[in-house]
Structure formats: structure tokens, C-alpha cells
Asks: 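Supplied in C-alpha cells, the structure appears directly below.
Throughout, a chain's letter reflects where its sequence line sits, starting with A, and its residues are numbered from 1.
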Protein chains: 2
Amino acid sequence: MDNESKIRDLLSVHGLRKTPIRKEMLDVFMNHDFALSASDLVHKMTVGNDRVTVYRALVSFEEHGILHKASEDKNGVKYALSDHNNPHEHHSDQHIHFICDGCHQTYCIEGVVEHQVKVSSDFQVDRVNFTLHGLCKQCLP
Amino acid sequence: MDNESKIRDLLSVHGLRKTPIRKEMLDVFMNHDFALSASDLVHKMTVGNDRVTVYRALVSFEEHGILHKASEDKNGVKYALSDHNNPHEHHSDQHIHFICDGCHQTYCIEGVVEHQVKVSSDFQVDRVNFTLHGLCKQCLP
DNA sequence: AAACCAAACGCAACAATGTTGCGTTTATGT
DNA sequence: ACATAAACGCAACATTGTTGCGTTTGGTTT
Ligand SMILES: [Mn+2]
Ligand SMILES: [Mn+2]
Ligand SMILES: [Zn+2]
Ligand SMILES: [Zn+2]
């Protein structure tokens with residue numbers, strides 16, 4: 001199934017309208033294997049001309065589980081397609097986020113990070129967030 | 001040794017001037033056991049009235065290793081005193097950052113997170129960033 | 001095909017964080 | 001006391017993100 005059909009299906013399944021902007025947003029996501037920010041999208045898109053529309057679509061896509069936040073720092077949030085919608089298949093149910101020190105892209109990658117936490121009982125640890133850092137294939141020497 | 005003396009020493013050691021603003025900034029940090037943002041500081045301080053001065057002092061303190069970034073998200077960066085300067089002694093050489101889901105404060109805590117990373121060889125992992133999430137002592141039921 | 005309507009869009013305005021330039025003040029060594 | 005670089009204060013700006021509101025439009029109903 002080609003991307004256009006996938007996109008139409010995806011929007012249909014979630015009861016979202018197939019507008020030019022939202023279709024192109026998903027198309028951009030499907031044509032990149034790393035996470036994108038709102039401004040990344042705005043710059044890559046040909047239709048639409050309003051940041052606000054993109055922000056609101058991102059929120060909607062995240063609420064519907066189409067996208068997820070892949071990384072977040074003071075420079076903003078980057079989103080990526082959620083597991084089942086990602087043609088790159090770099091996803092598994094528990095997937096990992098890798099931020100390249102070279103190209104500064106955020107990748108959703110397969111793999112596992114086993115960890116054992118030992119901290120003071122003054123803190124009840126409910127979950128552990130981690131991000132891997134290093135160099136991606138393109139940036140390796 | 002009281003905080004005032006510590007602060008004077010700290011600034012002296014790093015060749016920084018003992019100005020009212022910078023002394024009060026360090027005083028505020030020493031009187032809190034969680035990380036603070038630039039705007040946290042501005043609101044807690046009695047001297048000085050310019051965000052820019054605080055931002056520049058934070059950068060300077062970080063460059064000199066007096067402070068370190070304890071957490072960072074889309075709402076901004078929070079700083080904490082670095083290991084040897086922290087009167088709360090929650091620090092060890094490898095310390096951990098805990099973000100409370102209740103009070104949303106970031107704590108530098110002692111402890112370790114042992115981990116084994118297994119990912120595709122397309123990515124060279126140089127370091128793993130961890131953040132623990134849960135409830136702090138004050139927020140526990 | 002026309003009508004309907006909520007979803008989506010576009011625009012203006014705003015808030016928060018952070019940065020830069022530049023002139024002024026002040027802490028500190030001489 | 002003087003000199004000077006560090007630090008400060010102010011204005012201006014950039015970026016990310018949000019809210020309100022009127023308009024357009026995709027999808028449905030008639
Ligand atoms: Mn991901
Ligand atoms: Mn810390
Ligand atoms: Zn890279
Ligand atoms: Zn708490």
C-alpha cells in the first residue's frame with residue numbers, strides 16, 4: 001500500500017478530515033526516518049501557511065495516537081509517527097529514542113535498555129525516562 | 001561554615017565578582033533542595049530586576065561548574081548547584097535527576113541506574129540520559 | 001445537487017523563554 | 001583614589017507555543 005492510501009486510511013480510522021495540510025503533514029512524516037518539530041514541518045510543506053494550524057494538527061494527531069513526542073528540550077518538541085503507522089518499522093512496542101550528536105536528529109530505534117534503579121526511599125520511582133546519545137550511521141567517522 | 005562564607009569563597013575561587021545579584025542567586029540555590037529556573041530565581045530574588053542579568057549569571061555559573069542543568073523541557077531549563085557546592089549533599093559524582101509528578105520539582109538525588117543497552121549497530125551509543133519520575137516524599141499519599 | 005454543520009483553517013494577538021547589542025555602573029586590583 | 005574589566009540594565013529581537021474568533025471546507029444529510 002502506498003503512502004497516499006495509508007494516509008487516507010489513517011485519517012479515516014480516526015475520524016479526521018482529509019485536508020491538504022493534514023495529508024501533507026503525514027506524508028512528510030512518512031518520508032523521514034527521524035522526528036520532526038512544528039517548524040520543521042512548516043518549512044517542508046508546500047500547502048498551508050500558518051504555524052497555528054500545524055500546531056493544532058500535531059496536538060490532534062498526538063491525541064489520536066497517530067504521533068508521539070519523540071524528544072523535547074528547550075528548543076521544542078519533536079514528533080514521530082507512532083508504532084503501527086510508521087513505514088520505517090524502526091518501532092516496537094517498547095522503542096527507544098536516540099539523539100545524534102552530529103546531525104541532532106532524533107531517531108525512534110528498536111532495541112532495549114535494561115535498567116535497575118537504586119535510589120533513596122524518599123523518592124518513589126514510577127517510571128524511568130531515558131534517551132540515548134551518540135552518533136548515527138551517517139555521522140559516524 | 002555558613003552560606004554567606006561559602007558563597008564568597010565560591011565566587012572567589014572562580015574569579016567571579018561578589019555582586020549582590022550573584023550572591024543572592026547562589027543563596028537562593030543553597031536554600032532550596034530542588035532545581036530552579038531563571039524565572040524561579042527572578043521571582044525569589046529581592047535585588048536586581050532584570051531577567052537578562054540572571055540568564056547571563058546562570059550561563060557563567062554553568063561554565064564555571066558552579067551550576068549544572070538538572071532538567072530541561074519545553075518550559076525551560078532548571079539549574080542546580082553542582083556536586084561539591086551543594087549543602088544538601090544529595091549529590092555524588094554520578095547523580096540522578098528525579099522529577100516529581102506531584103510538585104513538578106526536579107531533585108538531584110543520590111543513587112545509581114545500572115543499565116545495559118542493546119540497539120542496532122547503526123547507532124553508536126556514547127551516553128544514556130536518565131530521568132526518574134514519580135512522587136517525592138512530600139507528595140506521597 | 002443543495003443545504004447543513006462541525007472540523008479545520010487563517011489571522012491577530014499574546015505569553016514565555018532565551019538571546020544580542022550597547023551604554024552605564026561597580027567591584028576589585030593597583 | 002584611579003583604572004578597568006566584569007557585571008548590570010535596558011531595549012530590541014527571535015523562537016516556541018497558545019488562545020480567540022471569524023471564515024472556509026470536507027463530509028454528511030436531505
Ligand atoms: Mn519514538
Ligand atoms: Mn543534578
Ligand atoms: Zn547523525
Ligand atoms: Zn513532589
Asks: Using side-chain contact (heavy atoms from CB on, under 4.5 Å) as the criterion, list what pairs up with A:Ser5, not counting sequence neighbours.
Replies: A:Met1, A:Asp2

Asks: Output side-chain donor-acceptor pairs under 3.5 Å for residues 52-65 of chain A, partner residues at least two apart or in another chain, one line each.
Replies:
{"from": "A:Glu62", "atom 1": "OE1", "to": "A:Lys69", "atom 2": "NZ", "distance (Å)": "3.4"}
{"from": "A:His64", "atom 1": "ND1", "to": "A:Ser60", "atom 2": "O", "distance (Å)": "2.9"}

Asks: Using side-chain contact (heavy atoms from CB on, under 4.5 Å) as the criterion, list what pairs up with A:Lys118, not counting sequence neighbours.
Replies: B:Val112, B:Glu114

Asks: Round to a whole Å and report the spacing from CG of B:Leu11 to P of D:dA6.
Replies: 15 Å

Asks: So if I define the base as every atom that isn't primed, P, OP1 or OP2, how would nucleotides 7-17 of chain C read as a B/S/- string at a heavy-atom cutoff under 4.0 Å?
Replies: BSSBBB----B

Asks: What dot-bracket string describes DNA chain D from 5' to 3', counting Watson-Crick and G-U wobble pairs whose defining distances are under 3.5 Å, with [ ] for crossing pairs and | for pairs to another strand?
Replies: ||||||||||||||||||||||||||||||

Asks: Roughly how many Å is it from NZ in B:Lys23 to P in D:dA7, rounded to a whole number?
Replies: 13 Å

Asks: CG of B:Leu41 versus C1' of C:dG18: gap in Å, rounded?
Replies: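 Taking CG of B:Leu41 and C1' of C:dG18, I get 14 Å after rounding.
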
Asks: Taking side-chain hydrogen bond (donor to acceptor under 3.5 Å, both in side chains) as the test, write out the residues that go with B:Asp27, two or more places apart.
Replies: B:Asn31

Asks: Side chains of residues 124-135 of chain A: which donor-acceptor partners sit under 3.5 Å, not counting sequence neighbours?
Replies:
{"from": "A:Gln124", "atom 1": "NE2", "to": "A:Asp126", "atom 2": "OD1", "distance (Å)": "2.7"}
{"from": "A:Gln124", "atom 1": "NE2", "to": "A:Asp126", "atom 2": "OD2", "distance (Å)": "3.4"}
{"from": "A:Arg127", "atom 1": "NH1", "to": "B:Asp101", "atom 2": "OD2", "distance (Å)": "3.4"}
{"from": "A:Arg127", "atom 1": "NH2", "to": "B:His133", "atom 2": "ND1", "distance (Å)": "3.4"}
{"from": "A:His133", "atom 1": "ND1", "to": "B:Arg127", "atom 2": "NH2", "distance (Å)": "3.4"}

Asks: Short question: side chain of B:Glu24, backbone of B:Thr46 - any donor-acceptor pair under 3.5 Å?
Replies: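 A pair under 3.5 Å: yes.
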
Asks: What pairs with A:Ser120 under side-chain contact (heavy atoms from CB on, under 4.5 Å), at least two apart in sequence or on another chain?
Replies: A:Asp122, A:Phe123

Asks: Taking salt bridge (charged side-chain N to carboxylate O under 4.0 Å, His left out) as the cut-off, I'd like each qualifying pair that reaches into residues 73-82 of chain A, sequence neighbours left out, listed once.
Replies: none

